[in-house]
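Have a look at the structure below, then the notes.
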Amino acid sequence: MSDGPHRSLPMRPGWKKVAKYADSQVHETEEVCNALVVALEKDCRKDIPPKLIDLIRRACDPPLLPDHTILSLEGLHSVTLGSAMGDALLDNVRRFIIGGKFGEAALEKAMLNTLLDHSARCKRQIGEHYLRESSVGRTQNVEQRVEEAIQVGALKSLASQLLSSRRPKSIHRIKKHDGVEDGVRLL
């Protein structure tokens with residue numbers, strides 16, 4: 001007997017933890033959201049180099065003509081080689097510049113959209129895996145709980161923290177429940 005489909009999930013450990021928490025009714029939405037934020041932060045730190053954020057900021061900082069800024073951003077794809085999240089961030093920044101946003105506002109909205117897109121993609125990947133390994137009802141429950149965690153709204157503050165010029169090593173951690181009083185909340 002397996003401990004659950006999250007064990008064989010072909011994703012990074014942070015996303016396995018998100019799936020595990022979403023699969024268990026013992027973990028509340030807040031805990032699923034915390035695990036989701038930690039997984040997203042780790043993915044961003046691995047896939048989006050700080051150098052890319054600095055180069056995007058430089059390209060967008062003086063509000064130049066949109067065409068010139070877009071050309072500057074196109075040249076940054078060489079920095080994101082092999083990084084889907086880096087490419088998504090560049091594409092989102094370009095889309096906001098075309099829409100009339102510039103500077104830090106465009107970068108913050110682009111990072112938020114990148115986080116939302118990545119978390120939705122990971123949610124679908126978890127759902128597909130659960131559908132193969134488990135029942136339809138269980139799959140729908142896990143997807144719904146991950147979606148609730150995405151909608152809680154912690155991604156906006158994560159986007160701001162990731163764009164901070166003083167980017168610390170790690171921002172979030174999953175709180176461990178290892179005390180006598182820690183456990184399932186009673187109603």
Side-chain angles (χ1 to χ4, degrees), residues 9 11-22 27-63 69 72-73 76-126 143 145-178 182:
L9 186 63
M11 295 178 80
R12 292 178 177 161
W15 289 102
K16 288 183 179 188
K17 181 121 3 194
V18 170
K20 176 183 176 181
Y21 282 17
H27 299 284
E28 296 182 14
T29 303
E30 180 182 315
E31 292 175 290
V32 179
C33 180
N34 189 28
L36 178 107
V37 167
V38 169
L40 277 171
E41 180 187 4
K42 287 180 180 178
D43 285 357
C44 282
R45 291 188 182 281
K46 183 172 181 162
D47 295 342
I48 300 175
K51 176 183 176 183
L52 176 64
I53 293 172
D54 292 338
L55 291 171
I56 292 172
R57 194 172 267 131
R58 252 187 260 143
C60 296
D61 192 26
T69 304
S72 298
L73 291 172
L76 297 180
H77 278 288
S78 63
V79 177
T80 66
L81 292 176
S83 169
M85 286 186 81
D87 284 335
L89 179 61
L90 278 173
D91 292 341
N92 282 320
V93 169
R94 190 174 62 233
R95 190 176 9 195
F96 283 112
I97 287 174
I98 290 171
K101 285 197 184 292
F102 288 98
E104 203 63 30
L107 187 55
E108 283 188 23
K109 290 285 284 180
M111 179 60 87
L112 177 61
N113 276 8
T114 302
L115 293 174
L116 287 169
D117 291 345
H118 186 70
S119 58
R121 184 180 62 78
C122 290
K123 179 192 85 162
R124 285 189 302 273
Q125 188 174 351
I126 290 169
E143 285 183 326
R145 288 182 44 101
V146 173
E147 183 61 35
E148 288 170 4
I150 293 169
Q151 297 303 321
V152 165
L155 300 186
K156 189 171 185 174
S157 65
L158 176 62
S160 297
Q161 291 169 344
L162 288 168
L163 293 173
S164 171
S165 59
R166 289 174 273 124
R167 195 171 160 178
K169 180 94 172 140
S170 182
I171 300 169
H172 300 93
R173 298 208 186 284
I174 295 176
K175 182 182 175 192
K176 290 189 177 186
H177 298 285
D178 56 3
D182 292 339

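Because only heavy atoms are used, hydrogens play no part in the values below, and waters and symmetry mates are left out as well, while side chains stay in.
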Closer than 3.5 angstrom, by distance alone: can the side chain of Arg45 be matched with the main-chain N or O of Leu162 as a donor-acceptor pair?
no
Any Leu89 side-chain heavy atom under 4.5 Å of Met111 side chain
yes
With rounding to the nearest 0.5 Å, note down the distance linking CE in Met85 to NZ in Lys46.
12.5 Å
Side-chain donor-acceptor distances from residues 98-105 under 3.5 Å, at least two apart:
residue, atom, partner, partner atom, Å
Glu104, OE1, Arg57, NE, 3.0
Glu104, OE2, Arg57, NH2, 2.9

List for me each residue that meets salt bridge (Lys or Arg N to Asp or Glu O under 4.0 Å) alongside Glu147, sequence neighbours excluded, and say none if there are none.
Lys123
Tyr21 and Glu31: which non-hydrogen atoms are nearest, and at how many Å?
CD2-O, 3.5 Å
Please list all pairs meeting salt bridge (charged side-chain N to carboxylate O under 4.0 Å, His left out) that have one or both residues in residues 149-161, counting only residues at least two apart or in different chains.
none
Can you find a heavy atom in the side chain of Val152 that is under 4.5 Å from one in the side chain of Val32?
no
Distance, nearest 0.5 Å, that separates OG1 of Thr114 from CG of Asp87
10.5 Å
Salt bridge (Lys or Arg N to Asp or Glu O under 4.0 Å) involving Arg121 - partner list, sequence neighbours excluded:
none
Sequence neighbours excluded, the answer for salt bridge (Lys or Arg N to Asp or Glu O under 4.0 Å) partners of Asp91 is Arg94
Between CG of Leu107 and CG of Leu112, what distance do you get to the nearest 0.5 Å?
11.5 Å
Pairing residues for Asp43 by the salt bridge (Lys or Arg N to Asp or Glu O under 4.0 Å) criterion, not counting sequence neighbours
Arg12
Do Val38 and Lys17 make a side-chain contact, defined as non-hydrogen atoms from C-beta onward lying under 4.5 Å apart?
no
What I'd like to find out is whether the side chain of Leu36 reaches to under 4.5 Å of the side chain of Leu155, using heavy atoms alone.
yes
